[in-house]
Amino acid sequence: MVSLTLGLAIAVGSILWVELVRDFYHLLAHLWRPLYRLHVWHHRVFRPDLVAVSDTIYRQAHWYNDVPEALVMLAFSLLPWGLVYSWHLNPQWLAVTGSVYTLFFLISAIARGLGIPHADELTDLTHRPGNFTSLPSRWLVNRPYHWRHHFDNQNAYFCGTFTLVDKLIGTALSLKGKTIAVTGASGSLGQALLKQLHLKGAKVIALTSSVQIITLDIEGKDLSIKTIAWQVGKESDLLPVLEQIDILILNHGINVHGERTETAIATSYEVNTFSIWRLLELFLKTVRTNEDIVRKEIWINTSEAEVSPAISPLYELSKRTLGDLVTLRRLDAPCIVRKLILGPFKSNLNPIGVMSADWVAKQIVNFAIRDMRNIIVAINPLTFIIFPIKEFFVSTYFKIFSHPPRNR
Ligand SMILES: NC(=O)c1ccc[n+]([C@@H]2O[C@H](COP(=O)([O-])OP(=O)(O)OC[C@H]3O[C@@H](n4cnc5c(N)ncnc54)[C@H](OP(=O)(O)O)[C@@H]3O)[C@@H](O)[C@H]2O)c1
């Protein structure tokens, strides 16, 4: 039993190792000019619909990029052999798994370089043309994930098979050049998020229900940013703006604290739940093309109140309903929907919050570029355990007892 487990670990470890080598080779190819001269052939091959520009360039790219990459992986695949041998781990022969695995990539790259018919269909799966039928995957690189490396930002999305390296170095989502709009822009977190996103190279838009132009403090200087006014109940007025937006962050919210009047109930649900749900639906309608599917995203600030008390019953009720609606709706969403699960931070809404809005905003961006779909920033350690469990079970329940739209 022990040797079976160890054997499995050796085999899987040797594959993971060569995949790490592949991703670092790719990263190096973008950082080191001499290697980039070879790698750039790979970037010359495809049009945005992933149809090859020409058969000659397609084949050439394999000789200059894919074959050398596989040879480097093959050379490094010997390292696990050496380790297993010197540490006297058994069964030693399983360390060959990484090399055999790499040989498959080497032979298929040679086959594509030689132009052997159908070699690409069988072995070059992340570059196949056609409509995207799924979202960028979280753990395994699929076509929508890899498309972004070619046509969104070549300095991100480096991974070839597993997305681990991109998650570690923060290149699993590029914000550079993206148009990102934030609601609740005049509030503490709204302003802090706009600043962090601006610093990451995004083109930010403030969506506010107030009349002021939003300015950001960037290195001691005031920077006025594009500000668009909107009102709860008039969400559809924002549709032309939403069409232009890559990432929409729904962050506005209200806390009626201890109130429980009819007005307090209506306001809490209208602002915290239904206006956000209406904006979510409007935004999802703007996702139409392959490019929209991979570039557009929506982040929704539902709060830690989804799973723990906020000492404000109507705040909890409205945020929990919102949280569940998002869980339900993202089962069929045509683009990535992230949840922001935030613990208490200081703001108008929560003057006794413990964290600072700036720190929270920094963490949100740090997790987003690592492609976390549920971004938890909290001081309560239980939230990190309870929220994922709750989300898993609620999502599974919704999946089993509801169905996708029948006219899809
Ligand atoms: N502070 C916390 O401890 C905490 C914890 C977890 C989650 N959250 C959530 O984080 C988000 C941001 O809150 P914050 O703490 O930064 O509070 P904040 O400073 O009060 O900001 C909230 C913003 O929401 C917008 N808003 C308020 N009432 C509105 C209305 N009736 N219609 C449209 N917009 C309205 C306002 O922005 P505009 O005037 O620009 O529209 C307001 O500045 C909220 O969703 C909140 O629930 C906060």
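Numbers here are sequence positions counted from 1. All ligand and atom numbering here is 1-based and tracks the order in the structure. Side chains are part of it too, since the values below use all heavy atoms of this structure and drop only hydrogens, waters and symmetry mates.
Taking every non-hydrogen atom of Asn350 and a distance limit under 4.0 Å, the qualifying atoms of ligand 1 come out as 1 (N), 2 (C), 3 (O). Distances below 4.0 Å separate heavy atoms of Pro344 from the following atoms of ligand 1: 3 (O). Atoms of ligand 1 found under 4.0 Å from any heavy atom of His252, numbered from 1 in the order shown, are 24 (O), 25 (C), 34 (N), 45 (O). Remark: ligand 1 atoms within the under-4.0 Å shell around heavy atoms of Asn348 are 19 (O), 20 (O). Using a 4.0 Å cut-off to heavy atoms of Leu342, the atoms of ligand 1 that qualify are 5 (C), 6 (C).
Some N or O of Asn301 is nearer than 3.5 Å to an N or O of ligand 1, by distance alone. Residue Ser303 has no N or O atom closer than 3.5 Å to an N or O atom of ligand 1. Inclusion of Ile254 in the set of residues having an N or O under 3.5 Å from an N or O of ligand 1 is not warranted. The shortest N or O to N or O distance between Val271 and ligand 1 is not under 3.5 Å. Checked against a 3.5 angstrom limit, the closest N/O atoms of Trp230 and ligand 1 fall outside it. Where the criterion is an N or O separation shorter than 3.5 Å, residue side chain and backbone included, Leu189 meets it with respect to ligand 1.
Ranking the protein heavy atoms by distance from atom 15 (O) of ligand 1 puts Ser347 OG, 2.6 Å first. Of the protein's non-hydrogen atoms, the one nearest atom 37 (O) of ligand 1 is Gly184 CA, 3.2 Å. For atom 39 (O) of ligand 1, the nearest protein heavy atom (residue, atom name, distance) is Ser186 OG, 2.9 Å. The shortest contact between atom 40 (O) of ligand 1 and any protein heavy atom is with Thr208 OG1, 2.6 Å. In terms of protein heavy-atom proximity, atom 19 (O) of ligand 1 is nearest to Ser188 N, 2.9 Å. Regarding atom 46 (C) of ligand 1, its nearest protein heavy-atom neighbour is Tyr315 OH, 3.4 Å. Nearest protein heavy-atom contact of atom 32 (N) of ligand 1 is Val232 CG2, 3.3 Å. In this structure, atom 11 (C) of ligand 1 lies nearest to the protein heavy atom Asn251 O, 2.9 Å.
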Given salt bridge (Lys or Arg N to Asp or Glu O under 4.0 Å), test Glu281 with Arg329 step by step and report yes or no. CA-CA 9 Å; Glu281 294 296 347; Arg329 203 55 187 90; 2.6 Å; yes

Is there a ring pair (Phe, Tyr, Trp, His ring centres under 6.0 Å) between His62 and His42? Walk through the geometry before answering. CA-CA 7 Å; His62 288 94; His42 180 70; 7.5 Å; no

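Dense packing is recorded around CH2 of Trp299, with more than 12 heavy atoms of other residues, nucleotides or ligands lying under 6.0 Å away. Around atom NZ of Lys195, more than 12 heavy atoms belonging to other residues, nucleotides or ligands sit under 6.0 Å away. The 12-atom threshold is not exceeded at CH2 of Trp81, counting heavy atoms of other residues, nucleotides or ligands nearer than 6.0 Å. Around CG of Leu31, the count of heavy atoms belonging to other residues, nucleotides or ligands within 6.0 Å exceeds 12. Within a 6.0 Å radius of CG in Leu78, more than 12 heavy atoms belonging to other residues, nucleotides or ligands are found.
Contact annotation: for Ser210 versus ligand 1, heavy atoms closer than 4.0 Å belong to both the backbone and the side chain. Here Gln231 has no heavy atoms under 4.0 Å from ligand 1, in either its backbone or its side chain.
The shortest non-hydrogen separation linking Ala378 to Glu304 is CB-OE2, 3.3 Å.
Heavy-atom proximity to atom 5 (C) of ligand 1, evaluated over Gly343, Gly187, Ala185, Ser275, is greatest for Gly343. Selection from Ala310, Gly253, Ser268 by nearest heavy atom to atom 26 (N) of ligand 1 gives Gly253.
Put simply, no part of Met355 is less than 4.0 Å from ligand 1, judged by heavy atoms.
Counting only N and O atoms by type, the side chains of His403 and Arg406 include a donor and acceptor under 3.5 Å apart. Ser318 and Ser268 form no side-chain donor-acceptor contact under 3.5 Å, judged by distance and modelled atom types alone.
We find that Arg148 and Glu291 are not joined by a salt bridge, their nearest charged nitrogen and carboxylate oxygen being 4.0 Å or further apart.
No option in Glu391, Lys399, Lys390 other than Glu391 meets the side-chain hydrogen bond (donor to acceptor under 3.5 Å, both in side chains) test with Thr327. Residue Arg22 is tested with Thr102, Thr161, Val72 for a side chain to side chain contact (heavy atoms under 4.5 Å, CB included); the sole match is Thr161.
Ring planes of His39 and Tyr36: tilted class, angle from 30 to 60°.
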